[in-house]
Amino acid sequence: MGYKSIAIDGPSGAGKSTLARKVAQAMGYLYVDTGAIYRTLGLAALRRKVDPENGEAVIPLLDQVSIDLRHGADGLQHMYLDGEDVSAAIREPEVSRYASGVSAIPEVRAFLMEMQRDLARRNNVVMDGRDIGTVVLPQADVKIFLTARAEDRARRRYEELRERGSEVDYQTVLKDLLARDEKDTHRAAAPLRQAAGAVVLDTTGKNLEESFRLVLDAVEKGVGA
Ligand code: DC
């Protein structure tokens with residue numbers, strides 16, 4: 001029997017990572033945050049002052065930097081850039097913009113996809129991202145498209161950033177989020193869209209526990225737990 005995979009896609013701030021992590025824990029699966037991989041390359045571009053929108057400048061980075069993903073004993077995913085643990089650094093709002101830029105480059109996506117597929121070949125996974133059900137794991141056992149109203153998503157992102165000590169204001173977070181939605185949905189390479197056979201779950205107005213139940217129900221139905 002092969003390994004099981006659960007794909008969770010959706011726009012930023014829908015609660016994907018928190019919910020995917022909780023579902024993985026409940027199921028005993030490995031949680032894979034694919035956005036963190038793009039963020040790590042985005043951070044590399046930022047540090048080297050490479051324009052993230054410029055494919056010709058970004059593509060050579062793929063050979064120049066090393067990006068590793070490792071799971072700690074606690075099951076948490078850590079990202080390494082040239083051996084340095086950058087798991088916290090990649091959460092800065094500026095890195096979000098760089099991640100969105102580099103992720104629109106087809107060569108970047110092709111290069112980073114193998115890392116993602118390899119994890120699913122060796123583990124039961126809950127993988128979250130933008131193109132997991134559509135491109136990375138189209139054969140996933142369960143595909144979920146998780147969404148919520150933009151204002152709800154921005155409020156969650158805002159609170160998350162504030163908790164981490166970032167000095168952001170809500171309007172800026174909302175504006176950035178809408179800009180990123182627009183970019184992620186309209187880019188030519190693997191745009192964010194609902195996969196065939198995906199269950200759409202909307203977490204607008206739902207708290208964490210209610211959203212978690214919604215997702216876990218869909219997962220349990222799908223994998224026959
Ligand atoms: O989920 P996130 O905010 O950490 O993702 C950061 C960026 O990476 C986001 O703008 C879209 C991109 N991304 C992607 O293109 N494909 C994925 N599978 C995951 C993220």
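Throughout, numbering of the chain's residues begins at 1 and tracks the sequence. Counting starts at 1 for both ligands and their atoms, following the listed order.
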*With sequence neighbours left out, what residues match Arg213 under side chain to side chain donor-acceptor pair (under 3.5 Å)?*
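Residues passing side chain to side chain donor-acceptor pair (under 3.5 Å) with Arg213: none at all.
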
*Can you sort out the partners of Ser103 under side chain to side chain donor-acceptor pair (under 3.5 Å), two or more places apart, ordered by chain and number?*
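If we apply the side chain to side chain donor-acceptor pair (under 3.5 Å) test to Ser103, skipping adjacent residues, the hits are Arg187.
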
*Any luck finding a side-chain donor-acceptor pair between Thr172 and Asp169 under 3.5 Å?*
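Yes, Asp169 and Thr172 have a side-chain donor paired with an acceptor closer than 3.5 Å.
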
*asked:* With no hydrogens and no angle check, just 3.5 Å: does a side-chain donor-acceptor pair link Arg193 and Thr185?
replied: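 Absent: no donor and acceptor within the cut-off.
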
*Leu178: which other cluster members, linking ILVMFWY side chains closer than 4.5 Å, directly or transitively?*
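Tyr158, Leu161, Val168, Tyr170, Val173, Leu174, listed by chain and number.
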
Provide, line by line, the atom pairs where ligand 1 and the protein bring an N/O atom each to a distance under 3.5 Å; else say none.
unit_1: ligand 1; atom_1: 1 (O); unit_2: Arg130; atom_2: NH1; d: 2.9
unit_1: ligand 1; atom_1: 1 (O); unit_2: Arg130; atom_2: NH2; d: 3.4
unit_1: ligand 1; atom_1: 3 (O); unit_2: Arg39; atom_2: NH2; d: 3.0
unit_1: ligand 1; atom_1: 3 (O); unit_2: Arg130; atom_2: NH2; d: 3.4
unit_1: ligand 1; atom_1: 3 (O); unit_2: Arg180; atom_2: NH1; d: 3.3
unit_1: ligand 1; atom_1: 4 (O); unit_2: Arg39; atom_2: NE; d: 2.6
unit_1: ligand 1; atom_1: 4 (O); unit_2: Arg39; atom_2: NH2; d: 3.4
unit_1: ligand 1; atom_1: 10 (O); unit_2: Arg180; atom_2: NH1; d: 3.0
unit_1: ligand 1; atom_1: 10 (O); unit_2: Asp184; atom_2: OD1; d: 3.4
unit_1: ligand 1; atom_1: 10 (O); unit_2: Asp184; atom_2: OD2; d: 3.2
unit_1: ligand 1; atom_1: 15 (O); unit_2: Ser103; atom_2: OG; d: 3.4
unit_1: ligand 1; atom_1: 15 (O); unit_2: Arg109; atom_2: NH1; d: 2.8
unit_1: ligand 1; atom_1: 15 (O); unit_2: Arg109; atom_2: NH2; d: 3.4
unit_1: ligand 1; atom_1: 15 (O); unit_2: Arg187; atom_2: NH1; d: 2.9
unit_1: ligand 1; atom_1: 15 (O); unit_2: Arg187; atom_2: NH2; d: 2.9
unit_1: ligand 1; atom_1: 16 (N); unit_2: Arg109; atom_2: NH2; d: 3.0
unit_1: ligand 1; atom_1: 18 (N); unit_2: Thr34; atom_2: OG1; d: 2.9
unit_1: ligand 1; atom_1: 18 (N); unit_2: Arg130; atom_2: N; d: 3.2
unit_1: ligand 1; atom_1: 18 (N); unit_2: Asp131; atom_2: OD1; d: 3.0

_Rounded to the nearest 0.5 Å, what separates atom CZ in Arg39 from atom CD in Glu92?_
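Rounded to the nearest 0.5 Å, the CZ-CD separation comes to 10.0 Å.
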
